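Below is one structure; the comments refer to it alone.
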Amino acid sequence: MNYNYLLFACLLLAISCKQIHDNGKVVVEDPFFGVDPTDTPQLLVPDFLASPAKEYNGTFSPDGKAFYYTTDIPENAFITYTELMPDNTWSEPKVASFSGKYSDFDPLFSPDGSRLFFSSRRPLPDNQNSKIWYVERIHSGWSDPQPVTLTGSENNEYYSSVTHNGDIYFNIWSTGNIFKAKKTDTTYVVEELPAVINAEYDKGDPFISPNEDYLIFRGYREDSYGRGDLYISFRINGNWTSPENLGKPINSTANEMCPYVTADGNIFIFASSRIDESVKWNPLDPIKKVQDKYQTYNNGETNIYYMSAAFINDLRKKHSEIDR
């Protein structure tokens with residue numbers, strides 16, 4: 001028996017029991033889940049997506065009609081998805097057609113939606129570390145996964161974000177730095193981002209805007225609030241600005257990670273472990289009290305959040321004025 005799949009099935013069952021409607025389904029409608037972005041982070045349709053497992057790396061297709069994310073359980077990670085159906089409701093979240101056997105994570109759509117890039121530890125003859133892979137849209141769904149050939153990389157890549165030109169931004173955790181892979185006719189040539197980005201602190205999860213005019217990433221710097229904060233840098237006059245902590249309410253004393261902005265530029269999505277509604281344990285308490293706590297999504301694991309992306313333009317104006 002595959003116990004990873006058994007656990008995952010139980011988690012999906014837990015999700016489906018949280019918000020029961022007359023028709024016995026959790027009902028979510030409209031592209032982009034019909035959310036109305038606000039100025040403060042909100043859980044992204046928690047009764048539909050959130051579970052006791054870790055959820056992160058949320059990415060919408062450009063038209064907002066498909067949503068892929070990582071579900072992380074002990075010993076494995078899956079790429080999970082849901083899509084808008086002809087009746088305008090979203091399908092039950094399930095393991096993606098190309099995932100489930102190996103440890104897969106970090107799904108991110110290309111700007112045109114034709115490819116979905118992701119990280120995976122699936123084996124290759126010359127590499128057992130994390131690599132960047134992609135699947136391509138075909139008539140029947142997705143193609144078989146293909147590894148991305150990166151000339152000059154150290155073969156331990158994570159979190160691939162793609163520009164309109166087809167260039168890929170990613171990070172290598174063993175170095176703590178962010179890299180750019182420039183697309184050529186036959187491969188990608190890797191170059192390290194400048195020192196203003198790759199300063200002495202570890203960093204990862206780079207989201208590059210399709211126009212390559214700003215970069216949001218997870219950093220561990222001296223001004224961080226907690227275990228990992230989100231930072232932004234703008235490309236102005238060909239140079240990257242000094243990264244700025246996105247501050248509260250985006251960052252917290254918990255771990256913030258996996259930034260993403262929808263293709264229309266309206267919604268900012270990230271993951272955080274900020275919800276941890278502690279329960280006080282007492283001697284002789286029934287163990288069910290402990291078990292019930294860890295069957296909810298507010299147990300300190302990462303959840304997916306969304307908010308308005310309008311703050312990006314406000315910060316851009318600020319950095320443009322500084323650069324004058």
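These figures come from a predicted structure and were not determined experimentally.
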Worksheet item: Does Asp285 have any side-chain contact (heavy atoms from CB on, under 4.5 Å) partners at least two apart in sequence or in another chain, and if so, which?
Response: Asn282, Lys289
Practice prompt. Evaluate the side-chain proximity of Ile232 to Leu215: yes if any heavy-atom separation is below 4.5 Å, no if none is.
Written response: no
Worksheet item: With distance as the sole test, does Asn171 use its side chain to make a donor-acceptor pair with the main-chain N or O of Ile178 at under 3.5 Å?
Response: no
Worksheet item: Looking only at side chains, do Asn266 and Asp264 share a donor and an acceptor under 3.5 Å apart?
Response: yes
Item to complete: Using a 4.5 Å cut-off on heavy atoms from C-beta on, say whether the side chain of Ile197 contacts that of Ser233.
Response: yes
Worksheet item: Nearest heavy-atom pair of Pro145 and Arg122: which atoms, and what distance?
Response: CG-NH1, 3.4 Å
Practice prompt. Classify the side-chain pair Tyr158/Asp106 by whether it contains a donor and acceptor separated by less than 3.5 Å.
Written response: no
Worksheet item: Just checking, Arg274 and Tyr305: is the charged tip under 6.0 Å from the six-membered ring centre and within 45° of the axis?
Response: yes
Discussion item. Which heavy atom of Pro243 sits nearest to which heavy atom of Val196, and what is that distance?
Written reply: CD-O, 3.2 Å
Worksheet item: Would you call Ser110 and Phe117 a side-chain contact if the rule is heavy atoms closer than 4.5 Å?
Response: yes
Discussion item. For Phe118 together with Phe98, are the ring centres under 6.0 Å from each other?
Written reply: yes
Worksheet item: What residues form a side-chain hydrogen bond (donor to acceptor under 3.5 Å, both in side chains) with Ser242, not counting sequence neighbours?
Response: none
Worksheet item: Is Val261 close to Tyr214 at the side-chain level, that is, under 4.5 Å between some pair of heavy atoms?
Response: yes
Practice prompt. Quick one: list whatever passes salt bridge (charged side-chain N to carboxylate O under 4.0 Å, His left out) with Glu191, sequence neighbours left out.
Written response: none
Practice prompt. Look at the rings of Phe170 and Phe179 and say which category their plane angle falls in: under 30° parallel, 30 to 60° tilted, over 60° perpendicular.
Written response: parallel
Worksheet, complete the sentence: Nearest heavy-atom approach of Asn303 to Ser51 is ND2-O, 4.4 Å
Discussion item. Measuring centre to centre across the rings, with the benzene-like ring taken for any Trp, is Phe32 within less than 6.0 Å of Phe60?
Written reply: yes
Discussion item. Enumerate the side chain to side chain donor-acceptor pair (under 3.5 Å) contacts for residues 132-143, please, sequence neighbours excluded, ordered by first and then second residue.
Written reply: Tyr68-Trp142, Arg115-Glu136
Discussion item. If we count only N and O atoms by modelled type, under 3.5 Å, do the side chains of Glu212 and Tyr169 hold a donor and an acceptor together?
Written reply: yes
Practice prompt. Would you sort out whether Thr163 and Asn165 count as a side-chain hydrogen bond (donor to acceptor under 3.5 Å, both in side chains), showing the intermediate values?
Written response: CA-CA 5 Å; Thr163 70; Asn165 293 332; 4.8 Å; no
Discussion item. When you compare the side chains of Ser273 and Arg227, does any donor N or O come within less than 3.5 Å of an acceptor on the partner?
Written reply: yes
Worksheet item: Are more than 12 heavy atoms from other residues, nucleotides or ligands located less than 6.0 Å from atom CG of Asp314?
Response: yes
Worksheet item: Does the side chain of Pro111 reach to within under 4.5 Å of the side chain of Pro62, using non-hydrogen atoms?
Response: no
Worksheet item: Hey, does the side chain of Thr262 reach the backbone of Ile267 with a donor-acceptor pair shorter than 3.5 angstrom?
Response: yes
Practice prompt. Tell me yes or no: between the side chains of Asn88 and Glu29, is some donor less than 3.5 Å from an acceptor?
Written response: no
Worksheet item: Would you call Ile304 and Phe67 a side-chain contact if the rule is heavy atoms closer than 4.5 Å?
Response: yes
Worksheet entry | Test salt bridge (charged side-chain N to carboxylate O under 4.0 Å, His left out) applied to Asp202 and Arg218, step by step | CA-CA 9 Å; Asp202 286 346; Arg218 172 168 46 154; over 6 Å; no
Response to the item:
Residues Val148 and Lys131: closest non-hydrogen pair is O-NZ, 3.6 Å
Worksheet item: With no hydrogens and no angle check, do the side chains of Glu244 and His319 hold a donor and an acceptor under 3.5 Å apart?
Response: yes
Worksheet item: Can you name the residues that form a side-chain contact (heavy atoms from CB on, under 4.5 Å) with Ser224, not counting sequence neighbours?
Response: Arg221, Asp229, Tyr231
Item to complete: Return the minimal non-hydrogen interatomic distance between Asp104 and Ser99, and the atom names on each side.
Response: OD2-OG, 2.9 Å
Discussion item. Run Ser114 and Asp112 through side-chain hydrogen bond (donor to acceptor under 3.5 Å, both in side chains) and show every step you take.
Written reply: CA-CA 6 Å; Ser114 65; Asp112 65 1; 2.8 Å; yes
Worksheet item: Val28 and Met85: same hydrophobic cluster, using ILVMFWY side-chain contacts below 4.5 Å?
Response: no
Fill in: For Thr70, side-chain hydrogen bond (donor to acceptor under 3.5 Å, both in side chains) partners two or more places apart
Asn57
Worksheet item: Do the non-hydrogen side-chain atoms of Lys180 and Leu193 ever get within less than 4.5 Å of each other?
Response: yes
Worksheet item: Within a reach of under 6.0 Å around NZ of Lys54, are more than 12 heavy atoms found that belong to other residues, nucleotides or ligands?
Response: no
Worksheet item: CD/Gln42 to OG1/Thr40 distance, rounded to the nearest 0.5 angstrom?
Response: 4.5 Å
Worksheet item: Any chance the rings of Phe33 and Trp90 have centres within less than 6.0 Å?
Response: yes
Item to complete: Mind checking the CD1-OG spacing from Ile132 to Ser119? Nearest 0.5 Å is all I need.
Response: 6.0 Å
Practice prompt. Return the minimal non-hydrogen interatomic distance between Leu150 and Thr187, and the atom names on each side.
Written response: N-OG1, 4.4 Å
